[in-house]
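All remarks here apply to the structure that follows.
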Protein chains: 2
Amino acid sequence: MTRQKKVILDILRSTKSHPTADWIYTEARKVIPDISLGTVYRNLNVLREAGEILELNYGSSYSHYDGNPENHYHHVCLECDRIADVPMPVQAELEQKARACGCGEIYYHRLEFYGLCPACQQKKDKQTR
Amino acid sequence: MTRQKKVILDILRSTKSHPTADWIYTEARKVIPDISLGTVYRNLNVLREAGEILELNYGSSYSHYDGNPENHYHHVCLECDRIADVPMPVQAELEQKARACGCGEIYYHRLEFYGLCPACQQKKDKQTR
DNA sequence: CGCCTTAACGCTAATAATTATCAATTTAAT
DNA sequence: ATTAAATTGATAATTATTAGCGTTAAGGCG
């Protein structure tokens, strides 16, 4: 566990946002000014493979990372691309239903809701009023 | 509706696989030998915006496309990246539950199951036996 | 049917996120 | 403290996708 890796993991663990590699890079440089972007990517991949973090890619062209490796659901804003946690319990019965379809083995599932985040929803309300 | 666009849509509608832009390009060239890859991408974007097809990006670095624009669920093989439809009904109550969490407006949701496709599952069985 | 406007095409170059390379440095085990 | 192995920073390479642009084809109207 190098200093760089620890800083990257700390940054991810201490935010509820779901940042991109570039945002993490910016934050990491505040602690280790000469850390390189390659190191950020390298450690994000190592951490993902170790199951310490999640990589999310919902539509947008770059990956987002999540410091919470427990399965949970997300809401993606179609307007501003914000990703937010959806605090509802994991629905284990979904996997049972899917297994009944005989599509092979299932280790885990992911569920995303697409729409407008509260901020963009309000913005749109004002426009159409 | 140009010939190119129609061919691309036909290719997508006539396969149950969830091909990449490059695979579609290869198929399209069998019909229009001098079609360009840019045209494939351009039309895939147009068709997606028109709601005629779905763009899927689950983990892998390139997008997959789905000729069936109706919401449905997928199974992604972690071994061979194969994407298969999961023929289970859309669970509308998921959106109700998510709305109750107050994360903003929800237009639709997506659900993916990750594991092993039947082929890779069998391959692994043989190895460990 | 042929003109004509507009949208779409093929081609090539550009973008941009991510990965690979590699000498130099750090880690941590002995 | 020594040392082998792993990781770093810096840079170049890769690769999926998009943008620019002169040319071509669609399809509506006379």
Side-chain angles (χ1 to χ4, degrees), chain A residues 1-12 17-67 76 78 80-83, chain B residues 1-13 15 17-67 76 78 80-83:
Chain A
M1 170 73 67
T2 64
R3 193 159 108 80
Q4 287 84 346
K5 190 175 181 181
K6 180 160 174 26
V7 165
I8 289 166
L9 185 54
D10 284 350
I11 288 170
L12 262 173
S17 79
H18 300 75
T20 62
D22 213 66
W23 186 90
I24 295 166
Y25 174 53
T26 303
E27 289 301 301
R29 269 197 299 186
K30 293 178 184 170
V31 185
I32 309 177
D34 63 347
I35 195 173
S36 86
L37 183 55
T39 297
V40 172
Y41 274 107
R42 209 181 305 120
N43 279 305
L44 287 172
N45 282 338
V46 169
L47 290 167
R48 171 174 47 75
E49 277 156 30
E52 304 253 34
I53 64 174
L54 296 180
E55 181 178 355
L56 312 174
N57 42 328
Y58 303 145
S60 62
S61 53
Y62 29 65
S63 286
H64 292 250
Y65 295 87
D66 190 330
V76 183
L78 295 170
C80 70
D81 287 334
R82 204 171 76 93
I83 298 175
Chain B
M1 169 73 67
T2 64
R3 193 158 107 78
Q4 287 83 347
K5 190 176 179 178
K6 181 161 172 24
V7 165
I8 289 166
L9 186 54
D10 284 352
I11 288 170
L12 262 174
R13 285 275 155 78
T15 180
S17 78
H18 300 75
T20 62
D22 212 66
W23 186 89
I24 296 166
Y25 174 52
T26 303
E27 290 302 301
R29 269 197 299 186
K30 293 177 185 171
V31 186
I32 309 177
D34 63 345
I35 195 173
S36 85
L37 183 56
T39 297
V40 172
Y41 274 108
R42 209 181 303 122
N43 278 305
L44 287 172
N45 282 337
V46 169
L47 289 167
R48 171 173 46 75
E49 277 156 29
E52 304 253 34
I53 65 173
L54 297 180
E55 181 178 356
L56 312 174
N57 41 323
Y58 302 145
S60 62
S61 52
Y62 28 67
S63 285
H64 292 250
Y65 295 89
D66 191 330
V76 182
L78 295 169
C80 71
D81 287 336
R82 204 171 76 93
I83 298 175

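Scope of the values below: all heavy atoms of this structure, side chains included, with no hydrogens, waters or symmetry mates. Sequence lines set the chain letters: A, B, ... in the order given, protein chains first and strands last, and positions in each chain run from 1.
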Next item on the list: Under the side chain to side chain contact (heavy atoms under 4.5 Å, CB included) rule, what do Tyr62(B) and Asp22(B) come out as? Steps first, then yes or no, please.
Entry: CA-CA 9 Å; Tyr62(B) 28 67; Asp22(B) 212 66; over 6 Å; no
Notebook entry, point to check: Which is it for Ile32(B) and Asp34(B) under the side chain to side chain contact (heavy atoms under 4.5 Å, CB included) test, yes or no, and what are the steps along the way?
Noted result: CA-CA 6 Å; Ile32(B) 309 177; Asp34(B) 63 345; 3.7 Å; yes
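Nearest heavy-atom pair across Arg13(B) and Gly67(B) is NE-O, 2.9 Å. Residues Leu44(B) and Ile53(B) share a closest heavy-atom pair of O-CD1, 3.5 Å.
Of the side-chain N and O atoms in Asn57(B), none sit less than 4.0 angstrom from OP1 or OP2 of dA16(D). At least one side-chain nitrogen or oxygen of Thr39(A) sits closer than 4.0 Å to the OP1 or OP2 atom of dG9(D).
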Note to self: Strictly under 4.0 angstrom, non-hydrogen atoms only: write out the protein contact profile of nucleotides 12-30 of chain C, one letter per nucleotide from the 5' end, B, S or -.
What the structure shows: -----SBB--------S--
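dA8(C) atom C1' lies 13 Å from atom CG of Leu47(B), rounded to whole Å. If you take CD1 of Ile8(A) and C1' of dT7(D), they are 11 Å apart, rounded to a whole angstrom. dA25(D) atom P lies 14 Å from atom CD1 of Ile35(B), rounded to whole Å. Distance Glu49(B) CD to dT17(D) C1': 14 Å, rounded to the nearest Å. The CG-P distance, from Asn43(B) to dA7(C), rounds to 15 Å in whole Å. Note: NZ (Lys5(B)) to P (dA7(C)) measures 12 Å, nearest angstrom. One can place NZ of Lys6(B) at 13 Å from P of dA26(D), the figure rounded to the nearest angstrom.
Remark: side-chain polar atoms of His18(B) are not paired, donor with acceptor, to backbone N or O of His64(B) under 3.5 angstrom.
By the 4.5 Å heavy-atom criterion applied to side chains, Leu47(A) and Leu9(A) are counted as neighbours.
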